[in-house]
Number of protein chains: 2
Amino acid sequence: MGTSLRDVAVLAGVSVKTVSNVVNGYAHVAPATRAKVEEALARLDYRPNLSARNLRQGRTGVIALALPELDAPYFAELSRFVIDAAAEQRWLVVIEQTDGSLERERQILDGVRDHRVDGLIFSPIAIGADELAARTDDTALVLLGERIHDGPADHVAIDNVRAARDVTEHLIGLGRTRVAALGAQDSSVSGTAPLRLAGYREAMTAHGLPETVATVERYHRADGFAAMAALLAGGAGERPDAVFCFNDLLALGAMRAILSSGLRVPEDIALAGLDDIEDGRYSTPTLTTVAPDKSQLAHIAVDLLKRRLDGRAHAPQELRAGYRLMVRESTVRPSP
Amino acid sequence: MGTSLRDVAVLAGVSVKTVSNVVNGYAHVAPATRAKVEEALARLDYRPNLSARNLRQGRTGVIALALPELDAPYFAELSRFVIDAAAEQRWLVVIEQTDGSLERERQILDGVRDHRVDGLIFSPIAIGADELAARTDDTALVLLGERIHDGPADHVAIDNVRAARDVTEHLIGLGRTRVAALGAQDSSVSGTAPLRLAGYREAMTAHGLPETVATVERYHRADGFAAMAALLAGGAGERPDAVFCFNDLLALGAMRAILSSGLRVPEDIALAGLDDIEDGRYSTPTLTTVAPDKSQLAHIAVDLLKRRLDGRAHAPQELRAGYRLMVRESTVRPSP
DNA sequence: CACCCCGTTTACAACGTTGGAACAACGTTG
DNA sequence: CAACGTTGTTCCAACGTTGTAAACGGGGTG
């Protein structure tokens, strides 16, 4: 191993504890002693052994971020913000991927107990509210973008229902009447799909418009492509003239399907997504979407975790982050 | 804290070490004792405290992956593979982002010493070979996609020169003669830009064609957009009829610039990238690119690290992962 | 001058784990 | 039946750190 407090102590001619005091910035250390110790620290290039410190303090300084998949741009972008927000607390972040599998989600929830991490920020898909509530473990847990209300853990998300309604209203406001929703899920116990569907329905009902709902298995471009292709297969009269996709990846897949079928966006079909991933700012046409405040989401999540870890815990909280509607070319072609 | 070996030992009526032996699968434990202990383990739902185990064993079971930015799709996709490959070794992965800043890169290289991680997989941009060589630390280090040859550390990458030459040859093979390279960097000490530029030059020289090189600051869509816009600003006679972008993000930015200027891809300008990020498979047109074998990259990196950690170290190795040229619509429009 | 206070420093124990030595019990062998 | 090997179990120490409490010493107070 490297140099320890003991080595430094020997060199400086003081006790181990005094070195520890200097390292930790304890106030009552005589200037002369401090200087001596600091020189020894520098000479030996001392680094605290964090395993030992963690053992002593019962903290690891590492939190886990569990999400479905890192290569979905939304989660990659979100991870960046979480890592940065955690760094402000001097925490490291380990990333775990669930692939949306129930078993993996259980494993992760369970594995939190092995003391490797102090807390968990979790974006679940498959696991249900009841199972989460049945958790016996008391490790700090924050749920991200999760629909479980009044659940057993802290929770932060945007207002998915309202956001979905806003997008749908925007599409309706363009004068479109055959507005489809793309991204409902048959199996989804949890997740945001039902919320976004609810928001879509509210808007359609409010305007007395008929609903068209396309379901998907997952939230990848390929699913959006396939679902859109199916919608287009209907006759021209039934074909939607606007589509709200439940996330941007679906929208980009759908866009590809529309364009390669020879139709135009937005002239024939207006298209909107949700997430504001960077891809959508560079697609042709650029993609109208809802931009959740990802930085705020990350900061709130880290903050909630911190409160729990500091013991300043209350009843589980449910907090909201903000969002903005970003209108781009896929719904409104700019006049040249 | 949770339950410890001591608690289990008390309940089972044996010594702490015996419980430890059972937990670690030590051979010589009497069946009766083993059963007793296992029941106690189960009853108390024992989890080893990994901080303590780590302290004892001098290992943390955590490796770091340091890369420029997680929200660049290439790195997000790569991270996924690294995390999965590390999981096969039962390692966790913490992710650190450098933003390509020299200072951050130094910090990370330095911070490896604080015993929080057993090893580091590092994709450097700013830091130079000399500085890496001057590293005094002996923590396991693997460089990823890095141009430092015969350097001080293990290293894995694709053959960037050959890959770049292959793409350029492909563009030339289409009959294009004004083939530009987009993505050179003025400041790049390290990184892959010079290699890709070299490959481009080899191909152009071989065919006696004139070179056009556009430089960029960074490797984002916005940089590709701006650089392409600048290339287009030249008169129609000078305008390139094919562009090889040094990564896919640049290419997608460039594509957007070409399309929004009213030109067509590939009819007016053929376009190719490198990385094979998913976006390029769904853009319109889809993007021709080089697909590095990311899974192989990740596995080789993890494997090199494992060898070092197991003490099976040799002289620093330089290994190559494979790649494939993916020809798509941005260079060859399919006949309908 | 005895006392106490306060700033400074130290000794000790403990966090939970595991390697190694020691030890006990038992069966085998000469 | 004594010496020995094998198997199973325990005891002890150590990894490096920090909290607690106690010791030390110098200056001010009564």
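Within every chain, numbering begins at 1; the chains are lettered A, B, ... in the order of the sequence lines, protein sequences first and strands thereafter.
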Grab the [atom1]-[atom2] distance between [X] and [N] for me, whole Å please.
X     : N      : atom1 : atom2 : answer
A:Q57 : C:dA13 : CD    : P     : 21 Å
A:K36 : C:dT9  : NZ    : C1'   : 11 Å
A:R59 : D:dG19 : CZ    : C1'   : 16 Å
A:L55 : D:dA14 : CG    : C1'   : 12 Å
B:L50 : C:dC15 : CG    : C1'   : 14 Å
B:R53 : C:dC15 : CZ    : P     : 18 Å
B:N49 : C:dA14 : CG    : C1'   : 13 Å

Using the test salt bridge (charged side-chain N to carboxylate O under 4.0 Å, His left out), find all partners of [X] that sit at least two apart in sequence or belong to another chain.
X      : result
B:D275 : none
B:R53  : none
A:K306 : A:D310
B:R6   : none

Pairs meeting criterion ring-ring contact (aromatic ring centres under 6.0 Å, His included) with involvement of residues 50-88 of chain A, two or more places apart: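 For residues 50-88 of chain A, and leaving out neighbouring residues, there are no ring-ring contact (aromatic ring centres under 6.0 Å, His included) pairs at all.
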
ring-ring contact (aromatic ring centres under 6.0 Å, His included) pairs, two or more places apart, involving residues 12-59 of chain A: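 Sorted result for residues 12-59 of chain A: A:Y26-A:H28.
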
Atom pairs under 3.5 Å, N or O on each side, protein against nucleotides 5-9 of chain D: can you list them with distances?
| residue | atom | partner | partner atom | Å |
| --- | --- | --- | --- | --- |
| D:dG8 | OP2 | B:H28 | ND1 | 3.4 |
| D:dT9 | OP1 | B:T33 | OG1 | 2.1 |
| D:dT9 | OP2 | B:A30 | N | 2.9 |
| D:dT9 | OP2 | B:T33 | OG1 | 3.2 |

Watson-Crick or G-U stems involving DNA chain C, each at least 3 pairs long, distances under 3.5 Å, ordered by first number: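 Consecutive-pair runs (3 or more) involving DNA chain C: C:1-30 with D:1-30.
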
Donor-acceptor pair (no angle test) under 3.5 Å: B:R56 side chain, C:dT17 base: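 Not at all, since no donor on one side and acceptor on the other fall under 3.5 Å apart.
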
Pairwise salt bridge (charged side-chain N to carboxylate O under 4.0 Å, His left out) hits with a residue in residues 70-79 of chain A, at least two apart: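 Listed once each, the pairs are A:D71-B:R80, A:E77-A:K294.
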
Salt bridge (charged side-chain N to carboxylate O under 4.0 Å, His left out) pairs, two or more places apart, involving residues 18-42 of chain A: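 Passing the test, one end in residues 18-42 of chain A: A:E39-A:R43.
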
Protein proximity profile, nucleotides 21-26 of chain D - base contact B, sugar-phosphate-only contact S, no contact -, cut-off 4.0 Å on heavy atoms: ------

Sole candidate of A:T139, A:D118, A:D154 that passes side-chain hydrogen bond (donor to acceptor under 3.5 Å, both in side chains) when paired with A:R308: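 Testing each of A:T139, A:D118, A:D154 against A:R308, the sole residue satisfying side-chain hydrogen bond (donor to acceptor under 3.5 Å, both in side chains) is A:D154.
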
By side chain to side chain contact (heavy atoms under 4.5 Å, CB included) - contacts of A:E103 (at least two apart):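 Listed in chain order: A:S101, A:Q107.
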
A:E105 side chain to A:A126 backbone, donor-acceptor under 3.5 Å: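 Side chain of A:E105 to backbone of A:A126, a donor-acceptor pair under 3.5 Å: yes, one is there.
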
